[in-house]
Protein chains: 2
Amino acid sequence: MTTIRDVARRAGVSIATVSRALHGLPRVSEATRQRVLAAAAELHYVASPSAASLAGGQNMAIGVVAPSVNGWFVATVVHSAERLLRPAGYDVLLYSLGVDPHERSRAFAGNVLRKRVDAVLVVGIRPEPDEIAALSAVGGPVTVVGAEVPGWASVRVDDGAVGRCAVRHLLDLGHRRIAYIGSEPEGPAEPVASAGRRAGYRDELTAAGIALDPALEVDGGFTVRGGMEAMDALLAAGPPPTAVFASSDEMAMGAVHVARQAGLRIPRDLSVVGVDDHDMAELFDLTTVAQPVYSQGVMAAELILRRLAEPHRDPPALVVPTSLIVRGTTAPPAGSDTG
Amino acid sequence: MTTIRDVARRAGVSIATVSRALHGLPRVSEATRQRVLAAAAELHYVASPSAASLAGGQNMAIGVVAPSVNGWFVATVVHSAERLLRPAGYDVLLYSLGVDPHERSRAFAGNVLRKRVDAVLVVGIRPEPDEIAALSAVGGPVTVVGAEVPGWASVRVDDGAVGRCAVRHLLDLGHRRIAYIGSEPEGPAEPVASAGRRAGYRDELTAAGIALDPALEVDGGFTVRGGMEAMDALLAAGPPPTAVFASSDEMAMGAVHVARQAGLRIPRDLSVVGVDDHDMAELFDLTTVAQPVYSQGVMAAELILRRLAEPHRDPPALVVPTSLIVRGTTAPPAGSDTG
DNA sequence: CTGAAAGCGCTTACAG
DNA sequence: CTGAAAGCGCTTACAG
């Protein structure tokens, strides 16, 4: 293996000088620097990250903690963040938590990341106290996408507003019996966003004088399949809703499919609103509350890089705007004046 | 920071013994091992991966090289592979290549990975000679999903068969003017699979005595948007096809959408077949050539772990089966007997 | 501007 | 079964 020693020998300098020259540090003459660079190139030298970390104290790596890259929101955020992190010299270490929250302690993520990464990016989960402690123990700054944690930088949408916006749209159309598809209610591992959107859903219904019906709040696990199962559950139970607010487009699309299979016409017999404006929402003609996903990844990466450069700045809590996009899956209920 | 020295002191042993005990190596008395484990736990000790790598020669990390995690196939493979790699003690280092092949040399990936990872997983790209050289220089075994490279382990489908299968289905329905949506033809960075599927498409048409029409082969970039643009191009040029074979479901769904926007009825006026059996293919009622994506990720991870354990085994080249799933986007052409 | 040297925190023969 | 010591390949004060 080619080491810094080989480069030093070839360039006729000490290893200290090689290190300085390669890092572009001052106090190296231009002539020497060129000689070192040439030697390193000829030998195809690549510094050992392990050795550099051990000696220098920096890992040049960012840990990404997410429920699963196998999901549109997370994949998009991770991808966009990596596009900034990589050019800045940082590696991206993926740490997917299991889909099943009980499968293994999520706090475990903190230990795996310790002494490995310089900063952590948390995507799509609302960390609980023990997880916050574990991730804090990692040592570097933590940035969260999709939730707000005191003391950490964050980028997110206003989930309460998202829920209210979706439900208001349905109420305006004349719906009164509106279901909510999110994640398991306030479980120990409720995914990011669901709690806030559920709260917005409840607030808006309550404000309209509509009583909440627990049977109308079901678990969709934030996947297409989960959305299908949720719709199945809604159709199996009592009187069906005339409208559904799903906390993600993936769940919304699953719900639409199952409803159609059951013979319901969308939107005549059932209106459906999602959240995200997923790549395929337009193809699906899905009404949704759009959020800027790619931008949130970029903003998170910028926050990370800035805090790494200036550790003492206050971590900002950014909120990005959302907007309702009305497409073909929502309409007044069948029996209404306009129906 | 807690180091191995602190644990040694607390347990009343040398650091060598701590290292052995923590790694479960033999030649440590049970009593000593327990004492060390207890001390490590009390101190919340986590070994420094950098120091361990430097001293031990192993990085305990796998590099994943893929075009972009922001794509269903890649995200699913990466996710499933990680589910085996992580429990085996390996970190997953994500290295997404830019979408734009000219953006930066893909061979660069090799250098970034050198001295960082113990093995490489290549997903969704067909490495070119210089890339093969660069990734070989990484030192560890390389495993490829979606292509076959001599000397490397691989898991893939038979892309030629995929193309022939899709086209045969369309021919059987009576179509004669069939378009192909894939990636840029034989460009310097043609994504995995497209070349093979294109070849299968051409072979099957030729075997049926149908002349190839270059105007019917368009670029869809393996994204929803790309599929939309490809369909736009097909509709803008000469006489439109009566059927389209798209090399991925994402492109197929984009194509279906644009065709519908243009007033075509699917499948009456245009049949469309995709590849993958994407999560949403069923919702879209899309006819497709299904491939086991999750399994390919799992198999790849198994191949990696096995080769890491037994470096001298021959790297297998696995081929997994595909199957045509006929749904609602294909039918005989409008003017046919059955139409 | 440059070099010698200490030290980062481990693993692993080598002795005992 | 256990420990002392060398060494992995760098970075970074400290001298000069």
Side-chain angles (χ1 to χ4, degrees), chain A residues 1-37 39-40 43-61 89 91 111-118 138-139, chain B residues 1-37 39-40 43-61 89 91 111-118 138-139:
Chain A
M1 194 176 56
T2 308
T3 72
I4 196 173
R5 197 139 253 124
D6 300 312
V7 179
R9 199 170 304 134
R10 179 136 186 162
V13 297
S14 72
I15 63 167
T17 297
V18 171
S19 179
R20 289 192 203 99
L22 258 26
H23 285 282
L25 296 180
R27 331 215 128 253
V28 178
S29 76
E30 193 48 35
T32 303
R33 185 187 311 284
Q34 291 308 332
R35 207 138 32 85
V36 170
L37 258 32
L43 298 172
H44 299 293
Y45 172 69
V46 173
S48 157
S50 305
S53 298
L54 187 57
Q58 282 189 53
N59 292 105
M60 296 312 285
D91 278 328
N111 270 334
V112 173
L113 262 22
R114 269 176 60 198
K115 305 187 186 175
R116 269 251 127 176
V117 302
D118 302 312
V138 170
Chain B
M1 192 176 54
T2 308
T3 71
I4 196 173
R5 195 139 254 124
D6 300 311
V7 179
R9 198 170 303 135
R10 180 138 186 160
V13 296
S14 71
I15 63 168
T17 297
V18 172
S19 179
R20 288 191 203 101
L22 259 26
H23 285 282
L25 296 180
R27 332 216 126 252
V28 178
S29 76
E30 193 49 35
T32 303
R33 184 187 312 286
Q34 292 307 333
R35 206 137 33 85
V36 171
L37 258 32
L43 297 173
H44 299 292
Y45 172 69
V46 173
S48 157
S50 304
S53 297
L54 187 57
Q58 284 189 51
N59 293 105
M60 295 312 286
D91 279 329
N111 270 335
V112 172
L113 261 22
R114 270 174 60 195
K115 305 186 185 174
R116 271 250 127 178
V117 302
D118 302 312
V138 170

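Only this structure's heavy atoms are used, side chains among them; waters, hydrogens and symmetry mates stay out. So you know, we letter chains A, B, ... as the sequences are listed, proteins then strands, and number each from 1. Because the structure is a prediction, the values reported are computed rather than measured.
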Exercise. Name the closest nucleotide to the A:V13 side chain, picking from D:dT11, D:dT2, C:dG3.
Key: C:dG3
Quiz item: For C:dA13, which nucleotide is its Watson-Crick or G-U wobble mate, given both distances must be under 3.5 Å?
Solution: none
Quiz item: Where the side chain of B:A16 is defined as all heavy atoms beyond and including C-beta, which of C:dC8, C:dA5, D:dA5 is the nearest nucleotide?
Solution: D:dA5
Quiz item: Within the pair A:S48 and D:dG9, is there a side-chain N or O less than 4.0 Å away from OP1 or OP2?
Solution: no
Quiz item: Counting side-chain heavy atoms from C-beta on, which of D:dT2, D:dT11, C:dT11 comes nearest to B:I15?
Solution: C:dT11
Exercise. Return the nucleotide paired to C:dA4: Watson-Crick means purine N1 to pyrimidine N3 with N6-O4 or O6-N4, wobble means G-U with N1-O2 and O6-N3, both under 3.5 Å.
Key: none
Quiz item: If you check the B:R20 side chain, which of C:dC14, C:dC10, C:dA4 turns out closest?
Solution: C:dC14
Practice problem: Just call it for B:S53: base, sugar-phosphate, or nothing, with non-hydrogen atoms closer than 4.0 Å on any strand. | Solution: nothing
Exercise. Consider the side chain of B:R27, meaning its heavy atoms from C-beta on, and name the nucleotide among C:dG3, D:dC1, C:dG9 that approaches it most closely.
Key: D:dC1
Quiz item: Relative to the 5' end of DNA chain D, which residue comes earlier, B:P26 or A:H23, by the nucleotide with the nearest heavy atom?
Solution: B:P26
Exercise. Decide yes or no for A:R10 and A:V7: does some side-chain heavy atom of the first lie under 4.5 Å from some side-chain heavy atom of the second?
Key: no
Quiz item: Is any side-chain N or O of B:Y45 closer than 4.0 Å to OP1 or OP2 of C:dC10?
Solution: yes
Self-check item: Distance below 4.0 Å between B:T17 side-chain N/O and D:dC1 OP1 or OP2
Solution: no
Self-check item: Test item: A:R35 side-chain N/O and A:A11 main-chain N/O as donor-acceptor pair under 3.5 Å
Solution: yes
Quiz prompt | Short side-chain N/O contact to D:dC10 OP1/OP2 from A:S19, under 4.0 Å | solution = no
Quiz item: Could you go step by step and tell me if B:V36 and B:R33 meet the side chain to side chain contact (heavy atoms under 4.5 Å, CB included) rule?
Solution: CA-CA 5 Å; B:V36 171; B:R33 184 187 312 286; 5.8 Å; no
Quiz item: Taking OP1 and OP2 of D:dT2, is either one under 4.0 Å from a side-chain nitrogen or oxygen of B:S29?
Solution: yes
Quiz item: For D:dC8, does either OP1 or OP2 sit under 4.0 Å from a side-chain N or O belonging to B:K115?
Solution: no
Self-check item: Pairwise distance NZ(B:K115) to OG(B:S53) - rounded to 0.5 angstrom
Solution: 13.0 Å
Practice problem: Drop me the distance from B:R116's CZ to B:L113's CG, to the nearest 0.5 angstrom. | Solution: 9.5 Å
Self-check item: Between P of D:dG9 and CG of A:L22, the distance in whole Å
Solution: 16 Å
